[in-house]
Visitor: 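Got a structure for you, written out below as structure tokens; questions coming shortly.
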Amino acid sequence: MKIEDNIGTVDYFGEHRKVFMDTDGAKEGDYVYAQGGVLIRTVPEKEALETLEFWKERFFELKKVDARLSKVHDSQTSNAILAILQKVNLKRALTKEDMSALYKVTKPEELKLIYETANSTRQKENDNACCVHGILEFSNHCRNDCSYCGIRKSSSIKRYRMTVDEIIKNAEYAVKELGFKALVLQSGEDTWYDEKKLVEIVRRIRKMGVLIFISIGARSKELYRKVYEAGARAVLLRFETSNREIFENLRPGTSFEERIDLIKYVKSLGYVVATGFIVGLPGETDNDLINNILLTKSLGADMHSFGPLIPAEGTPLEDERLPDKQKVLKTIAISRFADREAKILVTTALETLDRKTRKEGLLAGANSIMINVTPPEYRELYIIYPNRADKDKDIKENIKQTTDLLYSIGRAPTDIGL
Ligand code: SAH
């Protein structure tokens with residue numbers, strides 16, 4: 001690694017990546033781990049050489065597989081769709097009308113061409129790296145009453161809260177035993193975790209050398225600032241929908257403007273920002289989805305996070321229909337066209353639609369994935385939506401299935417395992 005003005009340059013098998021120097025004491029020539037553009041830990045030489053040895057051949061093999069799967073094949077497609085995809089290839093911005101035309105596509109061969117073009121764009125701009133973050137759901141208490149969410153305040157579910165020490169213990173297991181380099185700490189909007197508790201949690205986990213994401217909803221700006229100072233470097237906070245009317249209907253007592261303002265504020269503090277929306281909310285149109293994609297981009301999202309609505313029992317939306325899988329895959333592809341270099345997540349909600357969708361999403365432009373590391377006794381109570389794909393999965397088994405899937409499609413999950 002080389003350093004200039006707080007920005008380091010990491011050499012990874014000849015590829016150079018810029019990172020924010022967030023660790024005291026890292027020097028030129030050190031071996032380091034970086035996550036989301038943030039340096040999180042120096043690595044002793046022996047461990048680093050072992051890791052590099054493991055990746056050396058695999059890295060180039062995986063790239064070959066990825067390049068092969070990222071080819072775009074000829075298919076029978078209307079000239080209008082071809083013209084839109086040609087714009088993508090020329091790196092020109094799509095108009096809302098273009099995006100709307102893509103949402104209207106239903107022919108399998110045209111869908112295939114859209115997904116292949118998105119996958120090829122992902123490969124050209126981002127290569128084959130794939131983030132695999134752990135997510136720890138530490139409390140299902142929530143002061144809000146969002147109509148879509150199974151842990152809303154008025155839901156009569158059994159509630160739990162992990163103590164500070166329990167959170168630390170589980171984070172330690174995820175980092176030291178399972179090898180995660182990035183961890184999302186998620187909960188309902190639970191003010192039992194005040195500034196003091198959150199700062200302590202973040203400080204202690206940061207020492208483990210891991211990128212900490214917090215996903216705790218609308219808390220005060222002051223709290224987000226203190227938690228940043230304690231060492232959290234990323235925030236997952238969705239705006240849920242760009243349609244104000246739908247927002248205000250589904251999130252009583254909360255304001256769209258305030259949520260957007262908070263996302264902008266955390267971005268301005270220097271947090272890596274993951275934001276996005278739910279696909280398939282009642283009353284939503286393709287135009288809303290297009291606005292959602294454009295809003296995600298305009299907020300400067302480093303990571304796009306969206307997934308289908310999974311109607312949750314006991315909520316006002318329990319009888320809603322699941323959105324069409326192709327709609328979600330198209331949303332991934334169009335997000336990739338709109339924001340070529342971003343990370344785009346395949347979320348657990350998408351996997352809940354059916355088991356194949358994780359792979360399909362990754363081949364339609366996505367390049368990030370999360371693995372649940374919540375202990376099973378709590379995971380079964382964190383029911384924001386039912387039949388969560390990861391509900392019964394053993395964590396180690398889930399990591400293996402995920403890395404096997406990524407290897408099979410030529411992706412390098414360089415931030416997990418080993
Ligand atoms: N309390 C935090 C974390 C919320 S849970 C916050 O407010 O940010 C994480 C996400 O799950 C939510 O942002 C929402 O987009 C999604 N979600 C909630 N209920 C859902 C459902 N029934 N189907 C799909 N996604 C849902």
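Both ligands and their constituent atoms are indexed starting at 1 by order of listing.
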Visitor: Centres of the H133 and F213 rings: under 6.0 Å?
Guide: yes
Visitor: How close do D261 and K221 get, heavy atom to heavy atom, and via which atoms?
Guide: OD2-NZ, 2.8 Å
Visitor: I'd like to know if R161 and E166 make a salt bridge, using a cut-off of under 4.0 Å between side-chain N and carboxylate O.
Guide: no
Visitor: Taking the basic N atoms (NZ, or NE/NH1/NH2) and the acidic carboxylate oxygens, is any pair closer than 4.0 Å for E125 and R336?
Guide: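 A salt bridge is absent here (no side-chain N lies under 4.0 Å from a carboxylate O).
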Visitor: Do NZ/NE/NH1/NH2 and the carboxylate oxygens of R122 and D127 come within less than 4.0 Å?
Guide: no
Visitor: Does any N or O atom in G188 lie less than 3.5 angstrom from one in ligand 1, N or O only?
Guide: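 There is no such contact.
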Visitor: Should the ring pair Y160 and Y378 be called parallel, tilted or perpendicular, given that the plane angle runs from 0 to 90° and is split at 30 and 60?
Guide: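 Ring orientation of Y160 relative to Y378: parallel.
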Visitor: Suppose we measure from atom 6 (C) of ligand 1 to each protein heavy atom; which comes out shortest, and what is that distance?
Guide: G217 CA, 3.4 Å
Visitor: Measure the distance from atom 16 (C) of ligand 1 to every protein heavy atom, then report the residue, atom name and distance (to 0.1 Å) of the closest one.
Guide: R238 NH1, 3.5 Å
Visitor: Give me the nearest non-hydrogen protein atom to atom 1 (N) of ligand 1 as residue plus atom name, then the distance to 0.1 Å.
Guide: S187 O, 2.9 Å
Visitor: So which heavy atom in the protein is nearest atom 17 (N) of ligand 1, and how far is it from that ligand atom?
Guide: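 Protein heavy atom at minimum distance: I278 CD1, 4.0 Å.
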Visitor: Looking only at heavy atoms of R259, does any of them come nearer than 4.0 Å to an atom of ligand 1?
Guide: yes
Visitor: With sequence neighbours left out, write down each residue that passes side chain to side chain contact (heavy atoms under 4.5 Å, CB included) with S268, or none if nothing qualifies.
Guide: Y265
Visitor: Between I384 and ligand 1, which residue portion shows a heavy-atom distance shorter than 4.0 Å: side chain, backbone, both, or neither?
Guide: both
Visitor: Check L237 against ligand 1 and report side chain, backbone, both or neither, counting heavy atoms closer than 4.0 Å.
Guide: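 Under 4.0 Å from ligand 1, L237 contributes side-chain atoms alone.
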Visitor: Determine whether any heavy atom of P308 lies closer than 4.0 Å to an atom of ligand 1.
Guide: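 The answer is yes, since P308 has a heavy atom less than 4.0 Å from ligand 1.
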Visitor: Quick one: nearest non-hydrogen protein atom to atom 18 (C) of ligand 1, plus distance?
Guide: Y148 CD1, 3.6 Å
Visitor: G307: heavy atom below 4.0 Å from ligand 1, yes or no?
Guide: no
Visitor: Could you check atom 20 (C) of ligand 1 against the protein and tell me its nearest heavy-atom contact, residue, atom and distance included?
Guide: Y385 CD2, 3.7 Å
Visitor: For the residue pair F138 and Y193, categorise the inter-ring angle as parallel (less than 30°), tilted (30 to 60°) or perpendicular (more than 60°).
Guide: perpendicular
Visitor: Heavy-atom distances under 4.0 Å are what count here, so tell me which part of E137 touches ligand 1: side chain, backbone, both or neither.
Guide: neither
Visitor: Using the ring of Y228 (Phe, Tyr or Trp, six-membered ring only), decide whether R233 places NZ or CZ under 6.0 Å from its centre and within 45 degrees of its axis.
Guide: yes
Visitor: Could you tell me the residue and atom name of the protein heavy atom closest to atom 13 (O) of ligand 1, and the distance to it rounded to 0.1 Å?
Guide: E240 OE2, 2.6 Å
Visitor: Which heavy atom of the protein is the closest neighbour of atom 9 (C) of ligand 1, given with residue, atom name and distance?
Guide: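 Answer for atom 9 (C) of ligand 1: Q186 NE2, 3.4 Å.
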Visitor: I want to check a possible cation-pi pair here: K330 against Y103, using under 6.0 Å from ring centre and within 45° of the ring axis as the test.
Guide: no
